[in-house]
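Here the structure is laid out as structure tokens; the discussion comes afterwards.
Note that the coordinates shown come from a computational prediction; the quantities given were computed from them, not determined experimentally. Numbers here are sequence positions counted from 1. Side chains are part of it too, since the values below use all heavy atoms of this structure and drop only hydrogens, waters and symmetry mates.
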Amino acid sequence: MIDDIRIPKNLLVIGNGFDLSCGLPSNYVTFLRWVLSYKTDIDQSEVIAKIKQGIEKYLNEWNFRYDPQQNLTSKVGDENRFIQDLNIWYLIFVYKDMIFDNDWYLVENQIANELLEDINGLNIIEKIGDTLLSIYIEEVRSSGRTPIYCKNKTSVSDDRDVITEFYKLLAYCLYYKNLDTLSYENRVVFKELREQVQQLGEEYSELSSQNKIYEEPYSSTFENKITSILFPLVSQSLLSELMALELDFKKYLKQCIDTKNRNYSEVAGNSFRGILTRVNVDRGYSEMVDFNILSFNYTTPWEFSDNEIFNKIFDSVNIHGQISNDDGIIFGIDDEKIAPTQMEFMFSKVARTLDLITLSNHRKNFDELLSTNIENVVFYGHSLSIADYGYFRMIFDKYVDNSEVKFYFIYNVYEGTTKDKERKKLVRNISKIFGKYSIDKEKNTDIFKNLIQNQRIKIIPL
């Protein structure tokens with residue numbers, strides 16, 4: 001019968017703000033306190049401060065150049081030994097808090113910051129790679145010279161140290177990673193890294209003994225080996241650490257949901273109803289219509305409740321994976337920041353999503369979610385950050401030219417802020433994302449202006 005045909009009219013796009021509004025403590029600061037406490041057996045209220053003290057102890061009392069590995073524990077004390085066993089990315093987050101980086105806890109922001117070049121033209125892969133070589137290069141350790149790759153890349157004098165002690169600590173922790181704690185796949189990565197560092201280090205020493213290390217073609221040949229062999233292994237080891245972090249976050253979210261049990265799903269269902277009711281009223285629908293969900297979260301509350309509103313879900317996709325099945329979840333950076341030909345592209349959301357899709361048994365077609373029947377694109381709980389611009393562009397490409405489609409931005413007012421502040425913040429973020437799209441498509445802002453003038457963009461408080 002024709003009455004049984006279901007047609008989704010709303011596309012609901014949700015971000016982490018949705019889960020937070022449902023009472024799920026899915027923010028990164030809370031996660032980091034939990035996971036660091038779990039890893040170190042230190043109380044959550046003290047763990048970040050203790051790790052800071054440990055890092056400071058290493059940086060102040062350990063001389064990377066002169067202290068051999070066997071003397072390290074005696075230098076920094078047994079109580080700080082746990083620093084060496086922590087995930088590299090956790091050390092980075094805490095260190096960024098130490099140096100007063102306001103975004104220290106934003107996982108994807110910090111990944112991007114580390115992979116992009118610093119003021120010396122170096123990123124984390126290059127800094128760690130060069131430092132790893134110095135473990136086996138006596139000439140560099142004793143003279144304090146900048147390793148060959150960094151020297152050529154930054155054009156600095158030999159006595160200038162472009163790699164801070166913190167990145168030397170990260171290199172040390174990667175090199176001496178406890179392989180017994182790793183999966184077989186990750187163990188292979190770190191073992192190969194060690195072997196390659198030692199091989200290149202011995203080659204460097206041999207060339208130095210013959211006074212050939214700074215002569216052509218030996219210098220160029222050796223530098224090419226650093227960039228083509230060593231750096232990809234460093235990159236892969238950092239990716240392995242990131243994947244371990246993702247497993248930790250998945251475990252954390254599962255625990256949070258188990259603790260909340262049905263309450264989280266019920267609150268989520270009521271939130272869906274509240275959001276979509278605003279749209280239905282504005283559009284003049286007489287009843288709740290079917291909708292698709294594009295979620296930037298890893299949660300699927302609609303799978304664990306019989307709330308009536310969930311029956312209206314026509315289709316859903318968790319773009320970066322979900323915790324309710326055996327697939328992975330991913331963190332990544334915007335693919336526009338790094339060219340596909342760069343080694344660092346393996347950290348992009350495009351590359352990570354490709355890997356997720358390849359391994360997934362549950363993945364749905366993103367294109368099918370963007371149905372031609374959609375009349376309303378509804379955003380809630382997403383910061384509209386440029387990091388996810390690639391996905392927004394796909395949505396805009398599909399619906400901007402359809403004059404019947406409207407874009408709704410629903411927002412909530414929380415304790416400590418005001419309706420006026422939240423609206424203005426949302427206006428700024430909407431302007432950035434649509435402004436970028438307008439320029440990308442037309443080299444001017446006519447698209448954004450037309451959407452506004454034709455009242456196709458609406459901001460509504462929840």
Side-chain angles (χ1 to χ4, degrees), residues 10-17 103 106-113 115-117 123 292-296 317-320 330-354 356-357 365-372 374-411 423-459:
N10 294 328
L11 173 63
L12 179 57
V13 182
I14 56 175
N16 189 45
D103 292 340
L106 297 179
V107 175
E108 293 179 331
N109 286 19
Q110 293 303 337
I111 295 170
N113 290 341
L115 292 172
L116 299 177
E117 293 182 347
N123 66 18
N292 288 340
I293 298 175
L294 173 59
S295 177
F296 286 85
V317 169
N318 290 69
I319 198 69
H320 295 141
I330 63 166
F331 292 106
I333 65 174
D334 182 21
D335 57 286
E336 289 197 344
K337 291 181 179 292
I338 297 175
T341 53
Q342 290 181 265
M343 170 182 55
E344 295 82 1
F345 195 74
M346 66 169 66
F347 290 89
S348 71
K349 290 189 177 182
V350 170
R352 301 299 319 284
T353 304
L354 174 61
L356 182 68
I357 292 173
N365 192 320
F366 181 79
D367 225 19
E368 292 177 2
L369 199 72
L370 306 183
S371 166
T372 56
I374 295 295
E375 297 178 357
N376 313 294
V377 180
V378 187
F379 294 86
Y380 179 78
H382 196 294
S383 63
L384 305 180
S385 66
I386 296 297
D388 289 319
Y389 173 71
Y391 298 111
F392 298 144
R393 184 175 55 205
M394 293 171 69
I395 295 172
F396 298 158
D397 282 346
K398 186 76 174 185
Y399 298 118
V400 160
D401 290 338
N402 184 345
S403 61
E404 299 301 316
V405 175
K406 291 189 177 183
F407 297 89
Y408 288 87
F409 295 86
I410 313 296
Y411 70 97
R423 188 188 70 256
K424 287 180 178 178
K425 181 169 71 175
L426 190 52
V427 167
R428 285 196 301 271
N429 292 338
I430 293 171
S431 299
K432 286 180 184 178
I433 210 75
F434 274 104
K436 178 172 174 54
Y437 180 73
S438 297
I439 294 172
D440 285 351
K441 296 294 287 185
E442 301 291 344
K443 305 302 180 187
N444 58 52
T445 58
D446 285 350
I447 292 177
F448 189 32
K449 289 177 182 176
N450 289 337
L451 289 170
I452 294 172
Q453 293 302 322
N454 291 303
Q455 300 184 45
R456 291 180 58 200
I457 295 179
K458 294 207 168 187
I459 300 174

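The minimum heavy-atom distance between N123 and E344, with the atom names listed, is ND2-OE2, 2.8 Å. Across all their heavy atoms, L384 and F392 have their closest contact at CA-CE1, 3.9 Å. Of all heavy-atom pairs between V427 and I459, the closest is CG2-CD1, 3.5 Å. Among all heavy-atom pairs drawn from Y391 and I319, the shortest one is CE2-CG1, 3.4 Å. When all heavy atoms are compared, the tightest approach of M346 to R352 is O-CD, 3.1 Å. Residues I374 and L11 share a closest heavy-atom pair of CD1-N, 3.8 Å.
Contact of the S348 side chain with the I338 side chain is not registered, since no non-hydrogen atoms from C-beta on lie closer than 4.5 Å. Residues F347 and F331 fail the side-chain proximity criterion, which asks for heavy atoms closer than 4.5 Å. Considering only heavy atoms from C-beta on, V378 stays 4.5 Å or farther from V13 through its side chain. Contact annotation: the side chain of V377 never approaches that of F409 to less than 4.5 Å [non-hydrogen atoms, C-beta and beyond]. E375 has its side chain out of reach of N10: every pair of non-hydrogen atoms, C-beta onward, lies at least 4.5 Å apart. At a threshold of 4.5 Å between non-hydrogen side-chain atoms, the residues I447 and F434 do not count as touching.
Distance alone, capped at 3.5 Å, is enough to place a donor-acceptor pair between the E108 side chain and the G332 backbone. N376 contributes no side-chain N or O that, together with a main-chain N or O of K406, makes up a donor-acceptor pair within less than 3.5 Å. Using a distance-only test at 3.5 Å, with no hydrogens or angles considered, no donor-acceptor pair links the side chain of Q453 to the main chain of N450. Using modelled atom types, no side-chain atom of Y399 and backbone atom of T372 make a donor-acceptor pair closer than 3.5 Å. Remark: side-chain polar atoms of S438 are paired, donor with acceptor, to backbone N or O of F448 under 3.5 angstrom.
Here the straight-line distance linking atom OG of S385 with atom CG of N429 works out to 8.5 Å at 0.5 Å rounding. One finds the CD1 atom of I330 at 10.0 Å from the CG atom of L354 (value rounded to the nearest 0.5 Å). A distance of 7.5 Å separates NZ in K398 from OG in S371, rounded to the nearest 0.5 Å. The line from CZ of R428 to NZ of K424 is 9.0 Å long, rounded to the nearest 0.5 Å. In this structure, CG on L294 lies 9.0 Å from CG on L12, to the nearest 0.5 angstrom. Of the inter-residue distances, the one linking F396 atom CZ with D440 atom CG reads 11.0 Å to the nearest 0.5 angstrom.
More than 12 heavy atoms of other residues, nucleotides or ligands shown are found within 6.0 angstrom of CG on N454.
F296 and H382 have perpendicular rings, their planes meeting at more than 60° on a 0 to 90° scale where under 30° would count as parallel.
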Exercise for the section: For the pair D388 and K349, evaluate salt bridge (Lys or Arg N to Asp or Glu O under 4.0 Å) and give the outcome as yes or no after the intermediate values. Expected result: CA-CA 9 Å; D388 289 319; K349 290 189 177 182; 2.4 Å; yes
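Remark: K458 fails to qualify as a cation-pi partner of F407 under the 6.0 Å distance and 45° angle criteria applied to the six-membered ring.
Ring centroid separation for the pair Y380 and Y408 does not come in under the 6.0 Å cut-off.
A salt bridge does not link D397 with R393: none of the charged nitrogens is closer than 4.0 Å to a carboxylate oxygen.
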